[in-house]
Colleague: 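Below is the structure I would like to discuss, written out as structure tokens.
Values in this document were obtained by computation on a predicted structure and should not be read as measured data. Note that these values count all heavy atoms, side chains included, but never hydrogens, waters or copies made by symmetry. Letters A, B, ... are given to chains in the order of the sequence lines, protein chains preceding strands, and every chain is numbered from 1.
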Protein chains: 2
Amino acid sequence: MTSQVGRGSSDSPGDVLSNPQCPTGRLLDRIGTKWTSLAVRVLAEASPQEVRFGELQRRMPGISQKMLSVTLHNLTRDGLVTRRVEPSVPPRVHYRLTELGLSLEAALAVVRAWAQEHMPEVDRANELSSRSGPTDS
Amino acid sequence: MTSQVGRGSSDSPGDVLSNPQCPTGRLLDRIGTKWTSLAVRVLAEASPQEVRFGELQRRMPGISQKMLSVTLHNLTRDGLVTRRVEPSVPPRVHYRLTELGLSLEAALAVVRAWAQEHMPEVDRANELSSRSGPTDS
DNA sequence: CCGAATCCCATGAGATACTG
DNA sequence: CAGTATCTCATGGGATTCGG
């Protein structure tokens, strides 16, 4: 979902969503990624407690180690999550939301509330156009 | 971003984000799509005025006809946008946000506000880990 | 226990060309 | 003008496997 112009046009970037003009696009590119929002949610629920890698994986049913790793790495790079390695063997790694991450969670909570409240209507609309669209009557 | 199990396993669905349990995931799958949020934004700015296809395209620099078409189609299917065809030649098609669409815009506005306020910090964090990560000092 | 590396498929999305 | 169809490439993300 990151910039790319297409075939061989090697000059003008032309990307709108991932350019500084539109912070929203760039943000959505990140939280729109499959597991990010769920990870933030789980970490927020535990906050201010830290959560270990394996525990996170258990609380995010279906996620693979790779994707959890990648997701956490991205969140850490973005300053939304802190990573603390406990020097033991085997090593334990703990994650926690930063202040910034918590503030994002607040915004996500709004989105979640909308989803909870309105997704049924969206589903309804989909079913309606499934019927009246193809066949009509 | 929609369900898929992997190689040839043809049985268990296993997808977590696009299942009814997590409306948020399903919503993010939609608004996280490259042009959706911008389209909603532009339509919201014009609301309650309608906006024509070409006008929309002009207000969304960089979008192709195809992607605009697809995006609007999805929004319409989801009940977020209405589509009105003016029976003339050449035909003119007008789009407008529904009430549902407007309510979504409200949620998106919160996300936008967060992005405006905090993306710089995110960028800063990225630059920091670009330097201290690789090299350290 | 944590996660990096590799492989591989399904999908998103741009370019282009064609219809009513 | 609005929209569809086709082709193509870059990316997301799952399975699996190796390393510390």
Side-chain angles (χ1 to χ4, degrees), chain A residues 1-10 12-18 25 28-36 38-39 50-58 60-77 83-95 133, chain B residues 1-10 12-18 25 28-39 50-58 60-74 76-77 83-95 133:
Chain A
M1 212 165 256
T2 11
S3 58
Q4 168 254 132
V5 198
R7 281 284 283 279
S9 335
S10 42
S12 57
D15 203 53
V16 186
L17 280 197
S18 25
L28 284 175
D29 266 5
R30 297 165 191 246
I31 64 178
T33 227
K34 188 165 183 184
W35 298 102
T36 317
L38 181 55
E50 295 177 311
V51 187
R52 290 187 43 196
F53 187 92
E55 179 61 19
L56 271 168
Q57 189 170 20
R58 243 167 296 119
M60 298 172 65
I63 194 172
S64 64
Q65 280 190 16
K66 173 196 166 185
M67 287 318 295
L68 182 53
S69 193
V70 169
T71 302
L72 289 170
H73 201 105
N74 291 336
L75 287 170
T76 304
R77 270 187 62 94
R83 186 193 136 111
R84 182 173 71 85
V85 183
E86 193 177 321
S88 58
V89 46
R92 277 173 268 192
V93 188
H94 305 258
Y95 296 91
Chain B
M1 215 165 253
T2 14
S3 58
Q4 169 251 133
V5 201
R7 282 283 284 279
S9 339
S10 41
S12 59
D15 205 53
V16 186
L17 279 197
S18 26
L28 284 176
D29 267 4
R30 298 165 192 247
I31 64 178
T33 228
K34 188 166 185 183
W35 298 101
T36 317
S37 58
L38 181 56
E50 295 177 311
V51 187
R52 290 186 43 195
F53 188 93
E55 179 62 18
L56 271 168
Q57 190 170 18
R58 243 167 297 119
M60 298 172 65
I63 195 172
S64 64
Q65 280 189 10
K66 175 197 166 183
M67 286 318 293
L68 181 53
S69 193
V70 169
T71 302
L72 289 170
H73 204 105
N74 290 338
T76 305
R77 272 186 61 94
R83 185 194 136 110
R84 182 173 70 85
V85 182
E86 193 177 320
S88 58
V89 45
R92 275 172 272 191
V93 188
H94 306 257
Y95 295 90

Colleague: Quick one: is D:dG12 close enough that its OP1 or OP2 comes under 4.0 Å of any side-chain N or O from A:Trp35?
Modeller: no
Colleague: Between D:dA15, D:dT4, C:dC2, which nucleotide has the shortest distance from any of its atoms to the side chain of B:His73?
Modeller: D:dT4
Colleague: Select one nucleotide: of D:dG14, D:dT4, C:dC1, the one nearest the side-chain heavy atoms of A:Pro90.
Modeller: C:dC1
Colleague: Could you tell me the separation between the CZ atom of A:Arg58 and the C1' atom of C:dC2, rounded to a whole number of Å?
Modeller: 13 Å
Colleague: Please determine, for the side chain of B:Lys66, which listed nucleotide (D:dT6, D:dG3, D:dG14) has the closest atom?
Modeller: D:dT6
Colleague: Expressed in angstrom and rounded to an integer, what is the separation of A:Met67 atom CE from D:dG14 atom P?
Modeller: 5 Å
Colleague: Does B:Arg52 put a side-chain nitrogen or oxygen below 4.0 Å from OP1 or OP2 of D:dA2?
Modeller: yes
Colleague: Round to a whole Å and report the spacing from CD1 of A:Ile63 to P of C:dG3.
Modeller: 12 Å
Colleague: Show the nearest heavy-atom pair for residues B:Gln65 and B:Phe53, with the distance to one decimal.
Modeller: O-CZ, 3.8 Å
Colleague: In whole angstrom, give the distance that lies between atom CG of B:Leu72 and atom P of D:dC1.
Modeller: 17 Å
Colleague: For A:His94 and C:dC1, give me the distance from atom NE2 to atom P, rounded to whole Å.
Modeller: 13 Å
Colleague: A:Arg83 side chain N/O closer than 4.0 Å to the phosphate oxygens (OP1, OP2) of C:dG3?
Modeller: yes
Colleague: Taking atom CE of B:Met67 and atom CG of B:Leu72, what is their separation to the nearest 0.5 Å?
Modeller: 10.5 Å
Colleague: Can you find a side chain N or O atom of A:Ser64 that sits less than 4.0 Å from OP1 or OP2 on D:dA15?
Modeller: no
Colleague: Return the nearest nucleotide to the side chain of A:Thr33; candidates are D:dG13, C:dG20, D:dA5.
Modeller: D:dG13
Colleague: Which atom names give the shortest non-hydrogen contact between A:Gln57 and A:Ile63, and what distance separates them?
Modeller: NE2-O, 3.3 Å
Colleague: Whole angstrom is fine here: how far is it from CG in B:Asp29 over to C1' in D:dG12?
Modeller: 12 Å
Colleague: Between C:dG14, D:dG3, C:dG3, which one does the side chain of A:Gln65 approach most closely?
Modeller: C:dG3
Colleague: On a heavy-atom basis, which atom in A:Thr36 and which in A:Thr71 lie closest, and how many Å separate them?
Modeller: CA-CG2, 3.9 Å
Colleague: CG of A:Asn74 versus P of D:dT11: gap in Å, rounded?
Modeller: 15 Å
Colleague: Say you draw a straight line from OH of B:Tyr95 to OG1 of B:Thr76; how long is it, rounded to the nearest 0.5 Å?
Modeller: 6.0 Å
Colleague: If I take atom CZ in residue A:Arg30 and atom C1' in nucleotide D:dG12, what distance separates them, rounded to the nearest angstrom?
Modeller: 16 Å
Colleague: Hey, which of these two, B:Ser69 or A:Pro91, hits DNA chain D nearer its 5' end, going by closest nucleotide?
Modeller: B:Ser69
